[in-house]
Amino acid sequence: MAIADAKVIVCSPGRNFVTLKLTTDDGLTGLGDATLNGRELAVASYLTEHVLPLLQGRDPDRIEDTWQLLYKGAYWRRGPVTMTAIAAVDSALWDIKAKAAGMPLYQLLGGRSREGVLVYGHASGETIPDTLEAIEGLLQRGYRAVRAQSGVPGLSGVYGVTRGISYEPATAGLPQESVWSTEAYLRHAPELLAEVRSRLGFDFHLLHDVHHRLTPIEAARLGKAVEDYGLFWLEDPVPAEHQDGYRLIRQHTTTPIAVGEVLNSVWDCERLISEQLIDYIRTSVVHAGGISHLRKIFGLAELYDVRTGSHGATDLSPVCMSAALHVDVSVPNFGIQEYMPHSAETDEVFPHSYHFEDGHLQPGEEPGLGVEIDEELAERYPYRRAYLPVARRGDGTVHSW
Ligand code: EZ4
Ligand code: CO
């Protein structure tokens, strides 16, 4: 078998997605998500200009060898653009191999370790009562785990806050800017989490995302302040480039910590995992080198009792979600999977077999990843430039996030 055709499909059914489609001379097809939110065309061009010429005629069965070729052969290693491009190829090759075997991918990854994939949904609102209402909506739909965010009094346009259970991380046009105040946030966040537990109880998992906005000592204070609310995790309390920052948080609080949605390789999280500075590793198929590399990260995590909690916001396409679920259902140290449902247009362009059932996602039993792309429909949604927002402090300084 040989790779006969490779193409990069850029479309925007509600938001931008970059998808790699490989076709073999036997007529099998494989898909890989290559979406890097706000930097989509860099990956599309990396693939088209530098990767696709290397794939023509290659044996699609050689998944690991192709990964090594693209990683070591480039000389320029790691980084989100490179690792997202490699991820797309890796995922498409696993899709092809599982289709050739006539099995859902998880069977090739060792089979099921569990009956379903526990997911958390998103609840947010401008005010605490709005957020409580959104949480109740999720619980009524069967969710067992909820991420709660809310607006902060005195600040407008806080990231990740809309009314309801889904939000779009990027906006069309140039980046939207908002004002950030750590003081206001640190006063408000414990109040939100306290209200959630006192009004709605402890019978569901509660998560909260800080979006990398604090310093280590500020994060330590927040972790301590919310210990009694029994969080499942506190996410991205500080930026993760400086892995030692997490040691300081650890010295001060028993609130579980999750990090990793912006990390791209095992080397980016090695210290966080091997020194047990975190409890959950959030790396994803699309941004951390594909199924092959993500399994190495999760394997390292398994050795240190760190569990998985892959990123799964709406900017990760249904192709990534499908791949994530096959990994989630098979690895021994699975923790939880983020799940924000896509828009109806997105779901129509990417028909898929995974489905929500009783607080869990099921990958489905279709051979391969269980997801396809309707290329004709995709063509009707051309790319639109969009960016993640930017936060500035009161004096205009760009704030970390
Ligand atoms: O900021 O997906 O946990 N989820 C998140 C998301 C991320 C976006 C980045 O593209 O933090 O909102
Ligand atoms: Co996050």
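Please read these numbers as outputs of a predicted model, since none were measured by experiment. Residue numbers run from 1 in the order of the sequence given.
Taking the six-membered ring where the residue is Trp, the centroids of H293 and W267 are separated by under 6.0 Å. Here the two rings, on Y120 and H205, have centers that are 6.0 Å apart or farther. Ring centers of W180 and Y159: at least 6.0 Å apart, outside the cut-off. In this structure, H352 has its ring center no closer than 6.0 Å to that of F350.
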Item to check | Trace of the side chain to side chain contact (heavy atoms under 4.5 Å, CB included) decision for Q149 with V158 | outcome: CA-CA 9 Å; Q149 310 291 128; V158 171; over 6 Å; no

Item to check | Working for salt bridge (Lys or Arg N to Asp or Glu O under 4.0 Å), residues R213 and E218 | outcome: CA-CA 9 Å; R213 292 254 162 90; E218 290 162 352; over 6 Å; no

Next on the checklist: Set out, in order, the CA-CA distance, both residues' side-chain angles and the distance that settles side chain to side chain contact (heavy atoms under 4.5 Å, CB included) for V306 and N333, then state yes or no.
Outcome noted: CA-CA 7 Å; V306 171; N333 54 327; 5.9 Å; no

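By the 4.5 Å heavy-atom criterion applied to side chains, H326 and Q107 are not counted as neighbours. In this structure, D236 and V210 have side chains that are not in contact, with every pair of non-hydrogen atoms separated by 4.5 Å or more. The side-chain heavy atoms of R221 and H252, taken from C-beta on, include no pair separated by under 4.5 Å. For the pair S353/E365, no side-chain contact is recorded, criterion being any heavy-atom separation below 4.5 Å from C-beta on. In this structure, the side chains of Y71 and I86 come closer than 4.5 Å at one or more pairs of heavy atoms. Between L214 and L186, some side-chain heavy-atom pair lies under the 4.5 Å cut-off. Two residues are said to be in side-chain contact when any heavy atoms from C-beta on lie closer than 4.5 Å; I297 and I273 meet this criterion. At least one side-chain heavy atom of L272 sits under 4.5 Å from a side-chain heavy atom of L263.
The two atoms that bring L28 and I96 nearest to each other are CD1-O, 4.1 Å, heavy atoms only. What you find for S91 and V319 is that their closest heavy atoms are OG-CG1, 4.5 Å. Taking all atoms of both residues into account, the shortest heavy-atom contact from L325 to P363 is CB-CB, 4.0 Å.
Electrostatic pairing of K21 and D5 does not count as a salt bridge here, judged by no charged N lying under 4.0 Å from a carboxylate O. Using a 4.0 Å cut-off between charged side-chain N and carboxylate O, D209 and R147 make a salt bridge. Between R295 and E64 there is no salt bridge, since no side-chain N of the basic residue sits under 4.0 Å from a carboxylate O of the acidic one. Using a 4.0 Å cut-off between a side-chain N of Lys or Arg and a carboxylate O of Asp or Glu, D61 and K97 qualify as a salt bridge.
Taking CG of L248 as the start and OG1 of T215 as the end, the distance is 8.5 Å to the nearest 0.5 Å.
A donor-acceptor distance shorter than 3.5 angstrom exists from the side chain of D95 to the backbone of L369, with no hydrogens or angles considered. Of the possible donor and acceptor atoms, one in the side chain of H208 sits under 3.5 Å from a partner among the backbone N and O of A148. Within the 3.5 Å criterion, the main-chain N or O of Y280 finds no donor-acceptor partner in the side chain of R307. Side chain of T346 to backbone of P13: a donor-acceptor contact under 3.5 angstrom is found.
Between the side chains of Y354 and E366, no donor N or O sits under 3.5 Å from an acceptor N or O.
Around the CD atom of Q176, the shell of radius 6.0 Å holds no more than 12 heavy atoms that belong to other residues, nucleotides or ligands. No more than 12 heavy atoms of other residues, nucleotides or ligands sit less than 6.0 Å from atom CZ of R199. Other residues, nucleotides and ligands contribute only 12 or fewer heavy atoms inside 6.0 Å of the CZ atom of R62. The environment of CZ in R385 is sparse: at most 12 heavy-atom neighbours from other residues, nucleotides or ligands sit within 6.0 Å. No more than 12 heavy atoms of other residues, nucleotides or ligands shown are found within 6.0 angstrom of CD on E115.
Using cut-offs of 30° and 60° for the angle between ring planes, the H342 and F17 rings count as perpendicular. Between H122 and Y167, the ring planes lie perpendicular to each other; the angle is over 60°, past the 30° to 60° tilted range.
Figure legend: cation-pi geometry between R15 and Y383 absent, as NZ or CZ is not positioned both under 6.0 Å from the six-membered ring centre and within 45° of its axis.
A side-chain contact (heavy atoms from CB on, under 4.5 Å) with R58 holds for exactly one of L93, I3, L22, V89; it is I3.
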